[in-house]
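Each remark here refers to the structure printed beneath this line.
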Amino acid sequence: MRMSELIEVLSKEEIAKSVTEVGAVISHDYRNGTVAMVGALKGAFIFMADLARAITVPVQIGFLGISSYGKSSESSGTATITKELDLDVAGMDVLVVEDIVDTGLTLGFIMDYLKSKGARSVKVCAFLNKKERRSIEVQVDYACHTIPEGFLVGYGLDYAEDYRHLPGIYHLKM
Ligand code: 5GP
């Protein structure tokens with residue numbers, strides 16, 4: 001791993017603060033119920049673990065394996081399920097937990113999938129909201145940080161499976 005190519009965008013401390021704050025807002029909004037948290041693998045695995053512990057109302061945890069269409073600008077919008085959801089969400093208030101929302105295509109796919117599974121409500125919590133390349137309208141109900149641009153790694157986000165373990169968010173200069 002070549003650390004010299006990484007420029008820190010968010011420190012571990014900034015991340016901890018924003019996750020705690022968003023967890024408090026979610027806890028308030030869901031104060032009368034249980035949150036069925038559905039994490040999109042693999043990128044959301046670290047955020048999911050931190051967010052679940054920042055939420056004070058009861059939660060259930062599920063993971064969905066999703067392989068995105070790739071990073072080409074030609075947006076066919078196809079995503080595929082690589083691992084079926086391991087939580088029954090029928091009648092549940094679902095919170096989709098995403099690492100980053102970029103074009104929105106993956107999230108759109110996940111929303112359709114969860115509605116087809118009979119979720120009572122579906123909201124979205126993204127760690128990073130990168131709005132510049134948004135190509136479909138998706139509602140991000142909760143976001144820890146809004147980032148204008150760049151390819152980011154760390155805190156679950158990878159480049160060719162590297163960098164996921166880094167505690168901060170870094171801009172990867174390629
Ligand atoms: P979208 O469908 O919204 O364009 O993005 C889908 C997926 O692409 C995200 O869940 C994430 O896995 C990946 N992605 C988008 N932007 C970035 C980025 O800046 N860095 C990394 N590592 N992955 C990204």
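Quick caveat, the model's predicted, so the values are computed rather than measured. Each ligand, and each atom within it, is numbered from 1 in the order the structure gives. Because only heavy atoms are used, hydrogens play no part in the values below, and waters and symmetry mates are left out as well, while side chains stay in.
No part of R133 comes within 4.0 Å of ligand 1, judged by heavy-atom distances.
Where the criterion is an N or O separation shorter than 3.5 Å, residue side chain and backbone included, V153 fails it with respect to ligand 1. By the 3.5 Å distance cut-off applied to N or O atoms, D99 is counted among the residues near ligand 1. Residue-to-ligand polar distances keep L157 apart from ligand 1: every N/O pair is separated by 3.5 Å or more.
In summary, the side chains of Y155 and D99 do not present any donor paired with an acceptor at a separation below 3.5 Å, with no hydrogens or angles considered. Donor-acceptor pairing under 3.5 Å is recorded for the side chains of T80 and S67. In this model, no donor atom of one side chain and acceptor atom of the other lie less than 3.5 Å apart for Y142 and E21.
Of all heavy-atom pairs between L87 and M37, the closest is CD2-O, 4.3 Å.
Hydrophobic clustering keeps L105 apart from I100 (ILVMFWY residues linked when any side-chain heavy atoms are closer than 4.5 Å, directly or through intermediates).
Close to ligand 1: V101, with a non-hydrogen atom less than 4.0 angstrom away. Distances shorter than 4.0 angstrom occur between a heavy atom of F151 and an atom of ligand 1. Residue contacts with ligand 1 leave out G43, since none of its heavy atoms falls under 4.0 Å from the ligand.
Counting atoms of ligand 1 from 1 in the listed order, those under 4.0 Å from a heavy atom of T103 are 1 (P), 2 (O), 3 (O), 4 (O). Close approach of ligand 1 to I100 (heavy-atom distance below 4.0 Å) involves ligand atoms 9 (C), 10 (O), 11 (C), 14 (N), 15 (C), 16 (N), 17 (C), 18 (C), 19 (O), 24 (C). Per-residue contacts place E98 under 4.0 angstrom from the following atoms of ligand 1 (heavy atoms of the residue considered): 10 (O). In the vicinity of G150, heavy-atom distances shorter than 4.0 Å reach the ligand 1 atoms 19 (O). Numbered from 1 in the order shown, with element, the atoms of ligand 1 that lie under 4.0 Å from a heavy atom of T106 read 1 (P), 2 (O), 5 (O), 6 (C).
Salt bridge E161/K42: present, at least one basic N to carboxylate O contact under 4.0 Å.
Separation of atoms CG (N129) and SG (C144) is listed at 10.5 Å; rounding is to 0.5 Å.
In this structure, K83 contributes its side chain and L41 its backbone to no donor-acceptor pair below 3.5 Å.
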